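Single-structure report; data block below.
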2 protein chains.
Amino acid sequence: MAARDYGQYCGVTQALELVGERWALLIVRDLLVGPRRYGELAAGLPRIPSNILAARLKDLQAAGILRRVPRSRVIIYELTPYGRELEPVVLALGAWGFKAMGDPREGQVVTPDSMTMALRTAFRPEVAATLPATAYAARVGPAELLVRVDGTSLDVLRGDGPVDLAFAAGPDIRRVISGELAPDEAITTGVVEVLRGAPALLGRFASTFHLAA
Amino acid sequence: MAARDYGQYCGVTQALELVGERWALLIVRDLLVGPRRYGELAAGLPRIPSNILAARLKDLQAAGILRRVPRSRVIIYELTPYGRELEPVVLALGAWGFKAMGDPREGQVVTPDSMTMALRTAFRPEVAATLPATAYAARVGPAELLVRVDGTSLDVLRGDGPVDLAFAAGPDIRRVISGELAPDEAITTGVVEVLRGAPALLGRFASTFHLAA
DNA sequence: CCGGATCCTATTGGATACTG
DNA sequence: CAGTATCCAATAGGATCCGG
C-alpha cells in the first residue's frame, strides 16, 4: 500500500500509507511488547512469508517506525519513539476486533505477544488500583506469561516468578474477559484450570482485565 | 485481506481481517461523518476504482459494519452501531498520521469528509469549554465547512449559516493546527485569508483545534 | 542456524469500458 | 446514478536457496 497513493492530504491516509499494508501493524503489535529479532518476529507471525517480513521491516524502517540495532552479532528490531506512538492505534483496533471474535477457528493460534497486547488492551487501571497487588502466571495455549499488577501499573513478562495464582486456559479465556463466563463457572466447566493459588483470585483477574463484548 | 487469514486468535488480527483492506477504513472515515450515497463516497475518494468501492461496500456490509438503506429511490450507506465504534480507531490513526504529514504532495486533495474528521481529531473539548461558543466557516481548498463549537460539543456541517469568523486556507492550515505557525503569522503570510469577522478569532480556532506535531 | 534474497504462482487491486 | 465486466499490473504466498 505504501507506494500507491490515496491522493489525499489527510492524517488517516498518511497513516495508512505507512502502516496500512498487510502484516505491518502486526509487526508493530509484537514490537510494542519489546525489541525482537527477525526469527522471533517470524515465530510470532507463523503465517508471514519471509520475503514479506523482510520487505515490511525495510518499509517500516524507512518510515522511521522501527530501527535495526546490531547487538552482539545479532540484529534486533525495535520501535522508534514515533513507532511506539502507534500503541493507541493497536489498542483501539484490538478492543474493537475483540468484540467480533467468535470462537477460535481451525488453525488459529494465540502467540505470547498477541496475548500480552490483549491483556494491555483489557487492563483497567482504575479497577486495579482498588485491589491488592497481584501476580498471575497465565498459560494460554503455548503462551506462558507472568502478569504483575500493582496499583495502576501492569507488567506482562515471559518467564517465571512467584505468583499468587497460576492457571492454564484455552482461547476461551476470552469469554471470561468479556464477562460472558463467570470466573467460578469457568473453573467448574474446565475452561480455566487453576494450577496453584486460591481459585477465588480468578475473580480478581476478571475484574482487572475486562473488555465489553 | 479479508479472506486471507492471519491465523491468529487475536483482536488485532480480527480487526484487520474486517477493515484492513485497502480503502476500507477510508470508507468508514467518510461514513463516520454521515450516511452517504454511492456517488458521494466515490466523490470523496476520487482515486478509488468503482469496482473496489463496490467490493468494499459488500465486504463491510457482510461484516456488519455498514448497512444499505433504500431511501426514496436511492440507496444510502450508513454505519451500524458496531461500525460507528471504529471512530476511536480512525481518530487514533488520524492523530498519528497527522505528525507524519509533510507538505502536500502533487495531486493531493482535501475532501470535506476528511477535513471534518481531522477537525474532530484535533478538537480539544477541555479547551473549548473555557471559551465562548463560536461558529466558524472554514474553506480549505474546495471543502467548505461550518464549524460550531459550543462548550465541549463540536458540530461540523456542510452548508452555510451565521458565523463569527469566516476564513479560507490551503492545506497549510495544518501548520496552524500543529502550532508550527502562529495564527497572526498565518494571516500576514497569506496562509489563511480572513473573509469575515475579527482576525483575532483565528487564535481561538487554533486553541480549540490542536494536534502536536 | 540466522537473516534474509530469489523465483514462481496465485490473488488482489487498478483503469477503463459498459449496462440496467 | 449505481454499480458490473474485463483485462492488466502489482502484491502476497510459498518454496527454495544463499552467505556469514
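Note on naming: letters A, B, ... go to the chains in the order of the sequence lines (proteins, then strands), and numbering restarts at 1 for each one. All values derive from a computational prediction rather than experimental measurement.
- For A15(A) against L93(B), the heavy-atom pair with the smallest separation is CB-O, 3.4 Å.
- For the pair E40(B) CD and dG3(D) P, the interatomic distance rounds to 12 Å; values are reported in whole Å.
- Distance, R73(A) CZ to dC1(C) C1': 13 Å, rounded to whole Å.
- Between the side chain of N51(A) and the base of dG4(C), no donor-acceptor pair of N or O atoms lies under 3.5 Å.
- Remark: P of dA15(C) and CG of L45(B) are 13 Å apart, rounded to the nearest angstrom.
- Ionic pairing of R204(B) and D164(B) is not present here: no N-O contact between side-chain nitrogen and carboxylate oxygen is shorter than 4.0 angstrom.
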Next item on the list: Could you give me the CA-CA distance, side-chain angles and deciding distance for R47(B) and W23(B), then say whether side-chain contact (heavy atoms from CB on, under 4.5 Å) is met?
Entry: CA-CA 10 Å; R47(B) 302 260 263 250; W23(B) 296 106; 3.8 Å; yes

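- Listed nucleotides: dA2(D), dA5(C), dG13(D). Nearest to the side chain of K58(A): dA5(C).
- Atom CD1 in I52(B) sits roughly 16 Å away from atom P in dA9(D) (whole-Å rounding).
- In this structure, Y77(B) atom OH and dA2(D) atom P are separated by 8 Å, rounded to whole Å.
- Put simply, W23(B) has a side-chain N or O that comes within less than 4.0 Å of OP1 or OP2 on dG14(C).
- Between Y77(B) and I27(B) the shortest side-chain heavy-atom distance does not fall below 4.5 Å.
- Among the nucleotides dG3(D), dA5(C), dG13(D), the one closest to any side-chain atom of R22(A) is dG13(D).
- Here dA5(C) is the nucleotide among dA5(C), dC2(C), dG14(C) with the atom lying nearest to any side-chain atom of A54(A).
- Taking 3.5 Å as the limit, the base of dA5(C) and the side chain of S50(A) contain a donor-acceptor pair of atoms between them.
- Closest approach to the R4(B) side chain among dG3(C), dT12(C), dG13(C) is made by dT12(C) (side chain taken as heavy atoms from C-beta onward).
- To the nearest angstrom, C1' of dA5(C) lies 14 Å from CG of L57(A).
- Salt bridge D5(B)/R105(A): present, at least one basic N to carboxylate O contact under 4.0 Å.
- Side-chain proximity of R68(B) to the nucleotides dA12(D), dG3(D), dG4(C) is greatest for dG3(D).
- One interatomic measurement links the two molecules: CG of L53(A) to P of dA12(D), which rounds to 13 Å at whole-angstrom precision.
- Put simply, CG on D59(B) is 17 Å from P on dT11(C), counting in whole angstrom units.
- For the OP1/OP2 pair of dG3(C) and a distance below 4.0 Å, the side-chain nitrogens and oxygens of R37(A) include at least one atom meeting the criterion.
- Nearest nucleotide to the R56(B) side chain, out of dG3(C), dG13(C), dG3(D): dG13(C).
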